Structures are given as C-alpha cells and as structure tokens.
Amino acid sequence: MERPTLVYDDDCGFCTWWADHLSERSSIRLVGFSDLTPELRTELPESYEDCSHLLTEEGVYSCGASIEQAFLRSDIDGPAREFVQFLRHFEEYDRLREHGYQLVANNRDLFGKIVSKTPPARRES
C-alpha cells in the first residue's frame with residue numbers, strides 16, 4: 001500500500017467534510033464506500049459500512065481508532081495531539097474513544113448541520 005487510505009461513508013455530508021479535512025492536512029488517500037475496489041474490499045471487515053477504516057502498512061484501524069490514527073498522521077498539531085497521546089496511557093481510553101466515535105456517528109445528521117460538504121456519492125457526474 002503506497003500510503004494510508006481512509007475508507008469512509010461517501011454518502012454522508014459530515015463524513016465527507018471530516019475526511020476532506022484530514023486529507024487536506026495529510027498524505028491520506030480517501031476512498032468512499034461507493035468507490036471501493038475489490039482489492040480494498042478484501043482488506044476490510046465484513047461489516048465495513050458500520051464505520052470508517054484506515055488502512056496502513058501496519059494494519060486496519062476501524063471506527064474510533066481509524067479517526068485517531070488519521071488524526072495522528074495529519075499535520076494537525078498542538079495540544080490536541082499531545083492530549084491524545086496522554087490519554088493513551090489510560091486503560092479506559094480505547095473504550096471511551098469508541099464510545100465517542102459512536103456518539104458522533106449516531107448523530108451525523110445533527111453534526112452535518114454544523115459542518116458538511118456535498119458527499120461524492122450525491123454529486124452529479
């Protein structure tokens with residue numbers, strides 16, 4: 001794999017905004033669910049449409065871990081990066097990260113009213 005690849009719901013305006021935001025600040029390649037190749041599809045979990053995934057040389061990170069890893073591979077610096085690295089020292093961090101991811105994922109329509117971008121799957125060709 002030439003570079004990390006974020007696989008995300010490209011029929012979601014909030015998801016598209018977030019994916020583009022990370023991609024603009026990193027070398028992460030974006031691939032929407034609607035553009036998955038058979039080769040990429042084999043790398044993903046069976047229920048891949050349940051959340052985003054970051055495919056890297058090290059493996060596949062899913063859901064909250066995918067966003068965390070994408071964030072850490074971006075040039076978004078400052079206290080937030082240090083805070084994430086600090087939180088990783090706590091046993092409950094992974095559970096809380098995933099809970100936070102699900103909370104946002106389950107409320108994408110609400111967050112999409114704050115930040116959104118026309119999803120690729122809904123753009124006219």
Side-chain angles (χ1 to χ4, degrees):
M1 179 173 302
E2 73 263 5
R3 60 185 175 154
T5 301
L6 182 67
V7 178
Y8 73 103
D9 182 357
D10 61 342
D11 193 31
C12 163
F14 174 74
C15 305
T16 299
W17 179 86
W18 186 243
D20 284 351
H21 184 73
L22 281 169
S23 178
E24 290 167 0
R25 290 157 179 79
S26 69
S27 63
I28 294 172
R29 178 174 71 127
L30 301 180
V31 176
F33 292 158
S34 68
D35 289 328
L36 278 175
T37 63
E39 296 79 28
L40 275 177
R41 175 63 193 94
T42 63
E43 301 288 325
L44 299 173
E46 188 173 316
S47 56
Y48 71 91
E49 290 179 308
D50 289 347
C51 64
S52 63
H53 309 276
L54 185 71
L55 287 73
T56 70
E57 291 290 330
E58 297 85 35
V60 178
Y61 300 92
S62 297
C63 305
S66 71
I67 300 303
E68 176 193 71
Q69 285 296 315
F71 174 78
L72 293 174
R73 293 165 194 269
S74 74
D75 67 2
I76 302 170
D77 264 332
R81 177 186 299 270
E82 294 169 9
F83 188 59
V84 166
Q85 292 173 340
F86 171 74
L87 290 174
R88 285 179 158 183
H89 292 93
F90 297 95
E91 194 173 306
E92 288 294 307
Y93 173 66
D94 288 350
R95 186 184 65 77
L96 291 172
R97 179 194 63 215
E98 296 309 315
H99 177 74
Y101 179 89
Q102 287 305 315
L103 180 68
V104 171
N106 293 337
N107 292 286
R108 294 182 293 176
D109 56 337
L110 175 65
F111 287 100
K113 291 177 182 177
I114 301 167
V115 290
S116 185
K117 193 170 189 177
T118 302
R122 294 186 190 194
R123 293 180 191 146
E124 293 185 34
S125 45

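A quick note: this is a predicted structure, and the numbers were derived from the prediction, not measured. What's counted below: heavy atoms across the whole structure, side chains too, no hydrogens, waters or symmetry copies.
- Between the side chain of Arg29 and the main chain of Ser23, no donor-acceptor pair closer than 3.5 Å is present.
- Annotation: the span from Phe111 atom CZ to Leu103 atom CG amounts to 6.0 Å, rounded to 0.5 Å.
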Just do the side chain to side chain contact (heavy atoms under 4.5 Å, CB included) check on Arg73 and Thr56 with the steps written out, would you? CA-CA 11 Å; Arg73 293 165 194 269; Thr56 70; 3.6 Å; yes
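- Arg97 is linked by a salt bridge (charged side-chain N to carboxylate O under 4.0 Å, His left out) to Glu68, Asp94, counting only residues two or more places apart in sequence or in another chain.
- Inter-residue side-chain proximity for Pro119 and Tyr8 is flagged as unmet; no heavy-atom pair is nearer than 4.5 Å.
- Remark: Asp20 engages Lys117 in a salt bridge (charged side-chain N to carboxylate O under 4.0 Å, His left out) (not counting sequence neighbours).
- In this structure, CD1 on Ile67 lies 7.0 Å from CH2 on Trp18, to the nearest 0.5 angstrom.
- Considering OG of Ser34 and CG of Asp10, their distance stands at 3.0 Å, rounded to 0.5 Å.
- Applying the salt bridge (charged side-chain N to carboxylate O under 4.0 Å, His left out) rule to Asp11 yields the partners Arg122; only residues at least two apart in sequence or on another chain are considered.
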Go through the steps for Phe14 and Val104 under the test side chain to side chain contact (heavy atoms under 4.5 Å, CB included), then give the verdict. CA-CA 10 Å; Phe14 174 74; Val104 171; 3.5 Å; yes
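- Distance check: Ser66 OG to Tyr101 OH gives 5.5 Å after rounding to the nearest 0.5 Å.
- Among residue pairs with one or both ends in residues 26-72, those qualifying as disulfide (SG to SG under 2.5 Å) are Cys51-Cys63; sequence neighbours excluded.
- Leu30 is not listed as a side-chain neighbour of Thr16, based on a closest heavy-atom distance of 4.5 Å or more.
- Atom CG of Leu96 and atom CD of Glu91 lie 11.5 Å apart (nearest 0.5 Å).
- Pairs of residues two or more places apart, or lying in two chains, that qualify as salt bridge (Lys or Arg N to Asp or Glu O under 4.0 Å) and include a residue from residues 105-114 are Asp9-Arg108.
- Expressed to the nearest 0.5 Å, how far CG of Leu22 lies from CD of Gln69 amounts to 12.0 Å.
- Between Leu36 and Tyr48 the shortest side-chain heavy-atom distance falls below 4.5 Å.
- Residues that satisfy the salt bridge (charged side-chain N to carboxylate O under 4.0 Å, His left out) test with Glu39, not counting sequence neighbours, are absent from this structure.
- No continuous path of ILVMFWY side-chain contacts below 4.5 Å connects Val115 to Leu110, so the two sit in separate hydrophobic clusters.
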